[in-house]
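What follows is a set of notes on a single structure, which appears directly below.
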Amino acid sequence: MAEWKDLKSLTIDELTEAVLEAGEKKFRAKQIYGWLHQKLVRTPSEMKNVPKACVEHLQETHPFYGVTEVERYVSQIDGTMKFLFMLHDGNMVESVLMRYKHGNSVCISSQAGCRMGCRFCASTLLGLARNLTPAEMLDQIYAIQNAIGERISNVVVMGTGEPFDNYDALSRMITLLCDPNGLNIGHRNITVSTCGLVPRIYQFAKEHPQVTLAISLHASNNETRKELMPIANRYSLTELMDAAKFYVDETRRRITFEYSLVKGVNDGKKQAEELAQLVHGLNCHINLIPVNPIKERDYEQTDTSHIAAFRRMLEDRHIQVTVRREMGRDISAACGQLRKGYTERSGKE
Ligand code: SAH
């Protein structure tokens with residue numbers, strides 16, 4: 001039996017069991033799943049055609065947990081929205097809506113906090129509070145779809161947290177999200193970003209071959225990577241690249257590497273050459289991200305002209321590369337800063 005008992009984390013099969021236990025007919029499971037994951041009800045009592053006794057019975061055994069909006073910021077430049085959500089136990093998470101020509105994309109958090117300790121990241125400064133349940137990940141998407149009244153077509157798991165440190169919940173979340181009885185989002189429209197938990201990359205390639213994988217690389221050699229990301233002490237760059245190669249071979253899909261440019265740390269000519277060498281021959285794409293400075297650390301952003309030069313050095317070596325367009329500059333809050341700011345203001349933790 002799975003570790004999640006709350007209503008919105010249940011699969012159709014588990015929901016069927018729960019419905020039978022409540023003395024109802026099997027078909028109710030699909031009906032209820034539709035209310036939860038397609039019509040996106042915010043309270044169980046909104047499930048209009050489900051008998052009240054059945055709803056009450058389910059509520060006793062399977063609590064209805066989701067997220068509640070606490071704050072919302074809207075960019076006047078490009079319509080990007082940042083949401084701060086509260087979980088049922090008072091923990092906070094943040095999510096972002098990005099509006100593109102090809103559709104609405106939501107960036108969700110996978111954990112309240114993070115224990116990976118990346119030096120430049122605000123999400124990890126307070127450590128890990130707890131893992132999110134599948135429902136709590138889904139509900140960030142559902143709450144935003146309800147808030148804007150438009151369909152969400154893409155999901156990126158790139159908010160606070162390390163998704164592969166909460167693998168089972170992530171995996172189930174993907175299954176529920178792609179269910180035709182729910183939002184029916186295509187596997188290919190989901191991207192999961194990891195700092196590089198190597199064994200999980202292998203597992204993910206086998207279990208979710210259609211989902212896009214992004215690896216936060218941020219360095220071209222072990223030494224620099226260790227300086228920026230403690231996870232590099234656990235897995236070497238060679239082990240990480242072997243896993244990346246396995247993903248590409250196994251799934252026949254292009255992998256993305258994220259590379260946050262930090263002035264004077266990882267943005268030199270030597271690093272560009274090393275990076276090109278590292279990914280040589282691999283079906284991949286490098287996404288350069290100008291680092292978003294956080295006040296707790298003195299890392300600086302690489303200058304725009306230097307970013308362009310770094311990009312050209314990679315392109316000259318036939319590497320596919322893009323520079324991430326900054327969205328919602330006027331509501332700028334680097335990963336984890338909303339949550340951290342709120343926690344500090346309210347004197348929690
Ligand atoms: N834990 C996962 C997903 C969350 S972080 C991961 O590491 O991939 C999402 C991306 O934002 C990662 O590439 C992360 O390294 C990057 N990131 C975090 N803080 C940043 C900052 N201040 N500036 C630029 N990129 C940052």
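Each ligand, and each atom within it, is numbered from 1 in the order the structure gives. The figures that follow rest on heavy atoms only: side chains count, while hydrogens, waters and symmetry mates do not.
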- 4.0 Å heavy-atom contact, Gly159 with ligand 1: yes
- Item | Over 12 non-hydrogen atoms of neighbours within 6.0 angstrom of NZ in Lys39 | yes
- Give a yes/no verdict on whether any heavy atom in Gly161 is under 4.0 Å from an atom of ligand 1. yes
- Item | Between Arg254 and Gln320: side-chain donor-acceptor atoms closer than 3.5 Å | yes
- Query: Can a donor-acceptor pair be found between the side chains of Tyr202 and Glu207 at a distance below 3.5 Å?
  - Reply: no
- Query: Does even one non-hydrogen atom of Met158 get within less than 4.0 Å of ligand 1?
  - Reply: yes
- Message: Whether the side chain of Thr251 engages the backbone of Arg253 through a donor-acceptor N/O pair (distance < 3.5 Å, no angle test) should be reported.
- Response: yes
- Item | Contact with ligand 1 for Ser260, non-hydrogen, under 4.0 angstrom | yes
- Task: Please say whether Cys121 places an N or O atom under 3.5 Å from an N or O atom belonging to ligand 1.
- Result: no
- For ligand 1, indicate whether the residue Thr160 contacts it via side chain, backbone, both or neither (heavy-atom separation under 4.0 Å). neither
- Message: If only side-chain N and O atoms count, and only distance matters, is there a donor-acceptor pair under 3.5 Å linking Ser110 with Glu162?
- Response: no
- Working to the nearest 0.5 Å, report the span between OG1 of Thr212 and OH of Tyr247. 5.5 Å
- Query: Considering the options Asp165, Thr124, Thr160, Asn91, which one meets the side chain to side chain contact (heavy atoms under 4.5 Å, CB included) requirement together with Gln111?
  - Reply: Asp165
- Query: Which atoms of ligand 1 are found less than 4.0 Å from any heavy atom of Val291?
  - Reply: 23 (N), 24 (C)
- Task: Provide the number and element of each atom of ligand 1 under 4.0 Å from a heavy atom of Cys195.
- Result: 6 (C), 7 (O), 8 (O)
- Thr194 heavy atoms within 4.0 Å reach ligand 1 at atoms 6 (C), 7 (O), 8 (O)
- Can you list the atoms of ligand 1 that are under 4.0 Å from a heavy atom of Ser216? 6 (C), 7 (O), 8 (O), 12 (C), 13 (O), 15 (O)
- Query: At what distance, to the nearest 0.5 angstrom, does CD1 of Ile215 lie from OG1 of Thr256?
  - Reply: 9.5 Å
- Message: Give the atom numbers and elements of ligand 1 that come within less than 4.0 Å of a heavy atom of Asn292.
- Response: 21 (C), 22 (N), 23 (N), 24 (C)
- Query: Has ligand 1 got any nitrogen or oxygen that is less than 3.5 angstrom from a nitrogen or oxygen of Pro163?
  - Reply: no
- Item | Set of residues satisfying salt bridge (charged side-chain N to carboxylate O under 4.0 Å, His left out) with respect to Glu315, sequence neighbours excluded | Arg311
- Report the member of Met229, His218, Glu258 with the shortest heavy-atom distance to atom 14 (C) of ligand 1. His218
